[in-house]
Amino acid sequence: RRHSLLLDKALKIKYFIFSSLGFRPKIPASQKTREKVFKDFSERYINMGETVNYKRIPKNLKKKYDYFVSGSDQVWHNYSNTKSEINYFMLSFAEPEQRLTMAPSFGIKRDEIPESLVPFYRKGLNEFGKLSCREEEAADLIYQLTKREAVVMLDPTMLIDRKHWYDIARKPANPMDGKYMLVYFLGGISNELMHYLRAVVRDSALKIVDLYEVTNPFYDTTGPEEFLWWIKNACIVATDSFHATVFSILYKNPFLVYSRQNGRGMENRIDTLLQKFSLSDRKNVMDINKDILRIDYKSIDEILEKEIQIAKEFYSDIA
């Protein structure tokens, strides 16, 4: 019955890769093909448990598991604007000692929380023994609500051995011939920015692969494994995606990251990530220079090890 999600287990890929990738397709050209790609991936890498709907939580759920983890990507946003969603992601169905956090995120500010729901946020947060979050803005919000300090922790994708991501990346059936810039924008891309990126590739003799363009022949068959391959093998990545930025760092690839259009709640998590790795100068770049395809990653392993130790210490008192 030992389903305890201690750090050594919680950081394993089978629990977190799929949810942490944040890989949300637009309307796919072939829904069946797209669904099959993700289903096959899930069966290979994720040890799936039972599905639980926050509106209908089994009464005996807490007896089946030792721990429950709330994390990571905007689980505390409360998209349905209901008490039941808050209570679910605050793990109120479990005993306080069973509740853990792993770099959860809000994606909202204090003034965006309806006053009628503030007590439910405050109660839920206070019933965790310790609190972690993914960005500084979330830590500030937790303090505003509870006067408690939260540990700002790396996203779970960065807390496992980087070798996993090299092993999982899989060459797509129809890869790009030659060197390329990977363009991956979840919130769309302005004409001005696209003009700039085209100038970059002209200057660097690269092709452009727009991974989020539904008309591309590789769109339907790109799952998480292929997504990783495209990032790993790019000469440079241009994105507004948090996780495309994460994997660019893990693969030690040059990248450019931009503010998402209409991306409320998205900015701070990227800012926190860039600050941790001293890479803030890669954000919103709009000039072309000879160093654009270079990043000094000599300190990445040292920073990663430090952050992993922070996570281990956070969970060290769990039996």
message: Determine whether a donor-acceptor pair (N or O, by modelled atom type, separation under 3.5 Å) exists between the side chain of Thr101 and the backbone of Ser132.
response: yes
message: Can a donor-acceptor pair be found, under 3.5 Å and without considering hydrogens, that links the side chain of Tyr88 to the backbone of Asn53?
response: no
- request: Tell me, please, which residues at least two apart from Asp203 pass side-chain hydrogen bond (donor to acceptor under 3.5 Å, both in side chains).
  value: none
- line: For residues 82-97, the salt bridge (Lys or Arg N to Asp or Glu O under 4.0 Å) pairs (sequence neighbours left out) are Lys62-Glu95
- prompt: Which residues satisfy the side-chain hydrogen bond (donor to acceptor under 3.5 Å, both in side chains) test with Arg110, sequence neighbours excluded?
  reply: Glu115
message: What verdict does the side-chain hydrogen bond (donor to acceptor under 3.5 Å, both in side chains) test give for Glu267 and Ser259, after you've listed the backbone C-alpha separation in whole Å, the side-chain angles of each residue and the deciding distance to 0.1 Å?
response: CA-CA 7 Å; Glu267 200 83 356; Ser259 300; 2.6 Å; yes
- prompt: Under 6.0 Å from the six-membered ring centre of Phe242 and within 45° of its axis: does the NZ or CZ of Arg134 meet both?
  reply: yes
task: Report the residues that fulfil salt bridge (Lys or Arg N to Asp or Glu O under 4.0 Å) with Asp271, sequence neighbours left out, ordered by chain and then residue number.
output: Lys283
field: Tyr67 and Arg99, any side-chain heavy atoms less than 4.5 Å apart
entry: no
message: If the condition is side-chain contact (heavy atoms from CB on, under 4.5 Å), which residues does Asp281 pass it with, not counting sequence neighbours?
response: none
query: Gln261 side chain to Gly188 main-chain N or O, any donor-acceptor pair under 3.5 Å?
result: yes
field: Listed partners of Asp287 passing side-chain hydrogen bond (donor to acceptor under 3.5 Å, both in side chains), at least two apart
entry: Asn289
task: Could I get the full list of salt bridge (Lys or Arg N to Asp or Glu O under 4.0 Å) partners for Lys232, not counting sequence neighbours?
output: none
Note: Glu137-Arg269 ion pair, threshold 4.0 Å (strictly below): no
- prompt: Which pairs count as side chain to side chain donor-acceptor pair (under 3.5 Å) when at least one residue sits in residues 187-201, sequence neighbours excluded?
  reply: none
message: Tell me whether Glu302 at atom CD has more than 12 heavy atoms from other residues, nucleotides or ligands lying less than 6.0 Å away.
response: no
- prompt: Mind checking what makes salt bridge (Lys or Arg N to Asp or Glu O under 4.0 Å) contact with Asp140, not counting sequence neighbours?
  reply: none
Chi angles and distances behind the salt bridge (Lys or Arg N to Asp or Glu O under 4.0 Å) call for Glu226, Lys171: CA-CA 6 Å; Glu226 291 82 9; Lys171 187 175 183 178; over 6 Å; no
field: Option from Thr239, Ile189, Ile270, Val285 for which side chain to side chain contact (heavy atoms under 4.5 Å, CB included) with Tyr258 holds
entry: Val285
message: Asp177: which residues meet the salt bridge (Lys or Arg N to Asp or Glu O under 4.0 Å) condition with it, sequence neighbours left out?
response: none
field: Expected output: side-chain Ser105 to main-chain Ser72 donor-acceptor under 3.5 Å
entry: no
message: Among residues at least two apart in sequence or on other chains, which ones pass side-chain hydrogen bond (donor to acceptor under 3.5 Å, both in side chains) with Arg122?
response: none
Residue pairs, two or more places apart or on separate chains, that pass salt bridge (Lys or Arg N to Asp or Glu O under 4.0 Å) and touch residues 237-252: Asp240-Arg260, Lys252-Asp301
